[in-house]
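To keep things clear, I will list the structure first and then write my remarks on it.
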Amino acid sequence: MRFLFPAAAFFLVFFLGGCVRQNVLVQFDHSDPLALDVEIQWAVVTEPYVACYEAADYASRVVTHYRKSEILQVIGESTVTSGGDKEKWYAFESGWLPAANVAVYANKMRAKTAVKQLGTN
């Protein structure tokens with residue numbers, strides 16, 4: 001019984017101590033203002049090497065290539081029907097990639113986390 005009071009007092013002080021307001025300055029990183037914009041999606045290339053097409057079509061001209069773990073800002077999307085199959089494509093500043101070659105995320109921070117999980121950077 002005599003140990004009950006000191007233990008109770010310790011826990012009371014310990015838990016109430018966490019409720020005390022602490023003056024901690026919060027720093028925001030403004031170096032990439034689009035990183036958390038809710039209207040912008042980001043894609044991470046998931047294949048080792050992919051061709052980026054001028055249009056959402058494999059028959060169109062290849063305009064550039066991307067490597068695994070590159071992060072790209074999505075500027076549009078389209079669903080294309082070819083041979084009875086539907087395939088989703090994403091538009092980027094330089095061209096189009098099929099959805100099978102990328103993983104799309106709601107913000108750039110999630111895309112960066114995905115890149116770390118891929119283990120290539």
Side-chain angles (χ1 to χ4, degrees):
M1 186 73 174
R2 62 182 189 199
F3 293 110
L4 184 61
F5 179 72
F10 170 76
F11 284 114
L12 183 63
V13 170
F14 178 75
F15 286 116
L16 289 178
C19 297
V20 176
R21 182 177 175 172
Q22 298 176 5
N23 293 328
V24 177
L25 182 62
V26 176
Q27 298 272 339
F28 290 100
D29 181 6
H30 297 288
S31 62
D32 193 355
L34 301 179
L36 293 174
D37 191 323
V38 295
E39 295 183 9
I40 298 176
Q41 293 182 315
W42 298 86
V44 175
V45 177
T46 57
E47 299 298 318
Y49 193 70
V50 296
C52 184
Y53 297 90
E54 186 174 42
D57 183 7
Y58 290 109
S60 69
R61 184 174 69 96
V62 173
V63 291
T64 191
H65 294 87
Y66 292 109
R67 295 184 184 274
K68 187 175 187 175
S69 298
E70 288 192 58
I71 298 174
L72 308 166
Q73 181 181 340
V74 177
I75 61 172
E77 61 183 66
S78 179
T79 301
V80 178
T81 304
S82 175
D85 294 330
K86 290 184 179 183
E87 184 175 26
K88 190 171 195 172
W89 287 68
Y90 288 101
F92 305 98
E93 188 175 309
S94 58
W96 292 81
L97 289 174
N101 294 333
V102 295
V104 178
Y105 297 93
N107 61 57
K108 194 171 186 179
M109 298 302 174
R110 288 186 179 176
K112 287 181 177 182
T113 300
V115 167
K116 289 178 186 175
Q117 291 172 347
L118 286 174
T120 55
N121 282 351

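Hydrogens, waters and symmetry mates play no part in the numbers below; they use all other heavy atoms, side chains included. Because the structure is predicted, anything quoted here is derived from the model rather than measured.
In terms of heavy atoms, K112 sits closest to I71 at CG-CD1, 3.8 Å. Nearest heavy-atom pair, A51 versus H65, reported as atom, atom and distance to 0.1 Å: CA-CD2, 3.7 Å. The minimum heavy-atom distance linking T46 with K68 is given by the pair O-CE, 3.7 Å. The nearest pair of heavy atoms linking L118 to S69 is CD1-OG, 3.7 Å.
In terms of hydrophobic clustering, with Ile, Leu, Val, Met, Phe, Trp and Tyr side chains grouped at heavy-atom distances under 4.5 Å, V80 and V62 are assigned to a common cluster. Linking Ile, Leu, Val, Met, Phe, Trp and Tyr residues whenever their side-chain heavy atoms come within less than 4.5 Å leaves Y58 and Y90 in two separate clusters.
Between the T79 side chain and the K88 main chain, no donor and acceptor come within less than 3.5 Å of each other.
Interatomic distance, Q73 CD to W42 CH2, rounded to the nearest 0.5 Å: 4.0 Å.
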Worked check of side-chain contact (heavy atoms from CB on, under 4.5 Å) between V102 and V74
CA-CA 11 Å; V102 295; V74 177; over 6 Å; no
Checking side-chain contact (heavy atoms from CB on, under 4.5 Å) for the pair L72/V45: CA distance, chi angles, key distance, verdict?
CA-CA 8 Å; L72 308 166; V45 177; 4.1 Å; yes
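Under the ring-ring contact (aromatic ring centres under 6.0 Å, His included) criterion, no residue pair touches residues 91-115, with sequence neighbours excluded.
In this structure S94 satisfies the side-chain hydrogen bond (donor to acceptor under 3.5 Å, both in side chains) test together with Y66, sequence neighbours excluded. With sequence neighbours left out, the side-chain contact (heavy atoms from CB on, under 4.5 Å) criterion links T113 to Q117.
The aromatic rings of Y53 and W89 lie perpendicular to each other, with more than 60° between the two planes, well past the 30° mark.
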